[in-house]
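The structure appears right after this line, and notes come after that.
Here is how names work: the chains are called A, B, and so on, in the same order as the sequence lines, proteins then strands, and each is numbered from 1.
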Amino acid sequence: MSVSETERNERIRLKLAAWWETNARDLPWRFGRATPWGVLVSEVMSQQTQMSRVVPYWETWMRAWPDAAALADATTAEVITAWGRLGYPRRALRLQECARVVRDRYADELPRTYEELTGLPGIGDYTASAVLSFAFGERIAVIDTNIRRVLARVFRGVESLGGAAAPAERELANRVLPEDTARSVTWNQSVMELGATVCTAKSPLCDDCPVREDCAFLAAGRPGLGERRTRPRQRFAGTDRQVRGLVLNALRGLPTDKDASAGPAGPAGPADAVTGTPVLPRADVEALWTDHIQLDRCIASLDEDGLIEILPDGGVRLPR
DNA sequence: CTCCCGACGA
DNA sequence: TCGTCCGGAG
């Protein structure tokens, strides 16, 4: 790295750090207010889900299950219900599996190596790196869609392309990561935050950007702005994802025994005699979606995922 | 319609 | 490396 390049990087780092001080969103798991486990939960909830939607779920979740051991002891039905409408409910299943591994294999203490973290259910490259940086304060380059976009724009003057992070992108991320450990954490957080709130994909707010004077992308006239960088997202309407969501949403809405005993007598629906888990009868299942071929395919896939259980009479329920 | 702090299996 | 998995906001 040349002297001038080093100086430029340092200038950018200082501006971002100052910007972070006054512009960081006050998320409840930031600024040392959450345990490493709490940070991990926030990262899992944030996978493909906006922070603004995550915050209330995280608050409720952490009150119910403050640590891995508590989550490990919950029933799967409770976990799926608490996941609510965050989307991608398999994440909730994996998070509980993760909690059980942490409790059983790691004595309820989150491991702090990349290899061990990525070995946990639902924890991939991004989440492992984020936990190491944000929860444990280790020096490691965090690579997510926001950071890839910001680094590509500021340092290379181009839009980041879709697909997996290329080796060149990882090299760049490691090259510009501050040597000082504490500064590397602030760097990761500030670059990510800039990408989420200012240096957005389609319409970046360059006038409000703290590094607009140093940005290669802006200097080049923002070539190819808004160019599709990620692979096209699957549409939603009419897909299996929508149908699966309908089924789970119906199951989440069923009154439980707690509702019956606590509140104004809600109609306690049909429940399994042994477990007490509320059951959605086959007739109610069929009322959810007219295409029964697709519906049954989704019921089967939900069962395979462990998100529901199918009873002999065709009714379904959340797993215990 | 696209986008949002991805992970996983085929 | 690609397809799948949710849902809401802009």
Side-chain angles (χ1 to χ4, degrees), chain A residues 20 24-25 27 29-30 39-58 80 83-95 97-98 117-135 141-151 159-167 173 185 187-205 225-252 294 297-298 300-302 304-307:
Chain A
W20 169 258
R25 289 171 292 181
L27 303 172
W29 50 83
R30 283 181 172 172
V39 172
L40 181 143
V41 171
S42 79
E43 293 299 340
V44 171
M45 287 183 170
S46 301
Q47 294 166 0
Q48 300 290 286
T49 304
Q50 294 93 325
M51 313 296 325
S52 56
R53 292 177 51 213
V54 166
V55 171
Y57 284 98
W58 185 87
I80 294 172
W83 196 257
R85 302 184 70 81
L86 272 176
Y88 295 138
R90 291 188 300 187
R91 291 183 293 167
L93 248 41
R94 294 202 192 100
L95 185 54
E97 293 168 18
C98 174
L117 285 169
T118 51
L120 295 169
I123 309 302
D125 170 72
Y126 163 74
T127 306
S129 304
V131 167
L132 284 172
S133 180
F134 305 150
V142 176
I143 313 261
D144 79 318
T145 176
N146 277 332
I147 290 188
R148 289 176 65 187
R149 181 176 58 249
V150 172
L151 296 185
E159 293 284 38
S160 68
L161 300 177
V185 174
W187 171 261
N188 284 329
Q189 294 190 116
S190 58
V191 173
M192 194 177 301
E193 187 82 342
L194 189 77
T197 62
V198 176
C199 194
T200 57
K202 201 162 41 172
S203 36
L205 307 171
L225 173 64
E227 212 170 60
R228 192 162 61 196
R229 353 169 299 295
T230 57
R231 64 175 178 272
R233 290 284 170 194
Q234 183 188 23
R235 63 177 171 71
F236 179 64
T239 61
D240 287 2
R241 282 162 53 224
Q242 181 185 17
V243 178
R244 286 165 56 103
L246 285 173
V247 173
L248 277 188
N249 209 36
L251 283 170
R252 274 193 293 263
Q294 183 180 24
R297 180 173 70 240
C298 292
S301 73
L302 285 168
E304 287 172 22
D305 287 344
L307 284 164

Original post:
Shortest non-hydrogen contact from A:D240 to A:Q294?
Top reply: OD1-NE2, 2.9 Å
**OP:** Would you mind classifying the nucleic acid contact of A:R91 as base, sugar-phosphate or nothing, using non-hydrogen atoms under 4.0 angstrom?
**Re:** nothing
Subject >> Rounded distance (Å) that lies between atom P of B:dC4 and atom CZ of A:F236 >> reply: 19 Å
Original post:
Can you tell which of B:dC4, B:dG6, C:dC5 lies closest to the side chain of A:D144?
Top reply: B:dG6
Original post:
Contact class for A:D125 vs. all strands (heavy atom < 4.0 Å): base, sugar-phosphate, or nothing?
Top reply: sugar-phosphate
Original post:
In whole angstroms, how far is the C1' atom of B:dC3 from the CZ atom of A:R53?
Top reply: 12 Å
Original post:
Contact class for A:T127 (heavy atom, under 4.0 Å): base, sugar-phosphate, or nothing?
Top reply: sugar-phosphate
Subject >> Pairwise P distance, C:dG3 and B:dT2 [rounded to whole Å] >> reply: 16 Å
Original post:
A:G124 near the nucleic acid: base, sugar-phosphate alone, or nothing, with a heavy-atom cut-off under 4.0 Å?
Top reply: sugar-phosphate
**OP:** Could you please name the option among B:dG6, B:dC3, C:dG7 that lies closest to any side-chain atom of A:Q48?
**Re:** B:dG6
Under 3.5 Å, which donor-acceptor pairs link side chains of residues 196-203 of chain A to any protein atom two or more places apart or in another chain?
| residue | atom | partner | partner atom | Å |
| --- | --- | --- | --- | --- |
| A:T197 | OG1 | A:E193 | O | 2.9 |
| A:T200 | OG1 | A:S203 | O | 3.2 |

**OP:** On DNA chain B, check which nucleotide each of A:R94 and A:R25 is closest to and give me the residue with the more 5' one.
**Re:** A:R25
**OP:** Determine: side-chain N/O of A:R252 to OP1/OP2 of C:dG7, distance under 4.0 Å, yes or no.
**Re:** yes
Original post:
Expressed in angstrom and rounded to an integer, what is the separation of A:Y88 atom OH from C:dG3 atom P?
Top reply: 14 Å
Subject >> Nearest to side-chain heavy atoms of A:Q50, which nucleotide of B:dG6, B:dC3, C:dT4 >> reply: B:dC3
**OP:** Using the P atoms only, state how far C:dG8 lies from B:dA7, rounded to an integer number of Å.
**Re:** 22 Å
**OP:** Let me know the distance between CZ of A:R90 and C1' of C:dC5, rounded to the nearest Å.
**Re:** 4 Å
Original post:
In whole angstrom, what separates A:E43's CD from B:dG6's P?
Top reply: 9 Å
Original post:
Where is the tightest heavy-atom contact between A:R91 and A:T49, given as atom of each residue plus distance?
Top reply: NH2-OG1, 3.0 Å
Original post:
Within this structure, what is the CE-to-P distance between A:M45 and C:dC6, rounded to whole angstrom?
Top reply: 16 Å
**OP:** Looking at every strand, decide which applies to A:I123 at a 4.0 Å heavy-atom threshold: base, sugar-phosphate, or nothing.
**Re:** sugar-phosphate
**OP:** For B:dC1 and C:dT4, measure between their P atoms and round to the nearest Å.
**Re:** 16 Å
Original post:
Can any side-chain N or O of A:T239 pair as donor or acceptor with the backbone N or O of A:F236 at less than 3.5 Å?
Top reply: yes
Original post:
So, A:E43 side chain and A:V39 main chain: donor-acceptor pair closer than 3.5 Å or not?
Top reply: no
**OP:** Whole angstrom is fine here: how far is it from CD in A:Q47 over to C1' in C:dC5?
**Re:** 12 Å
Subject >> Sequence-distant partners of A:W58, ring-ring contact (aromatic ring centres under 6.0 Å, His included), two or more places apart >> reply: A:W29
Original post:
Taking atom P of B:dC4 as reference, at what distance in whole Å does atom CD1 of A:I147 sit?
Top reply: 13 Å
**OP:** Measure from the side-chain heavy atoms of A:A201 and tell me the nearest of C:dC6, B:dC3, C:dG7.
**Re:** B:dC3
Subject >> 5' priority, DNA chain C, between A:N249 and A:K202 [closest heavy atom] >> reply: A:N249
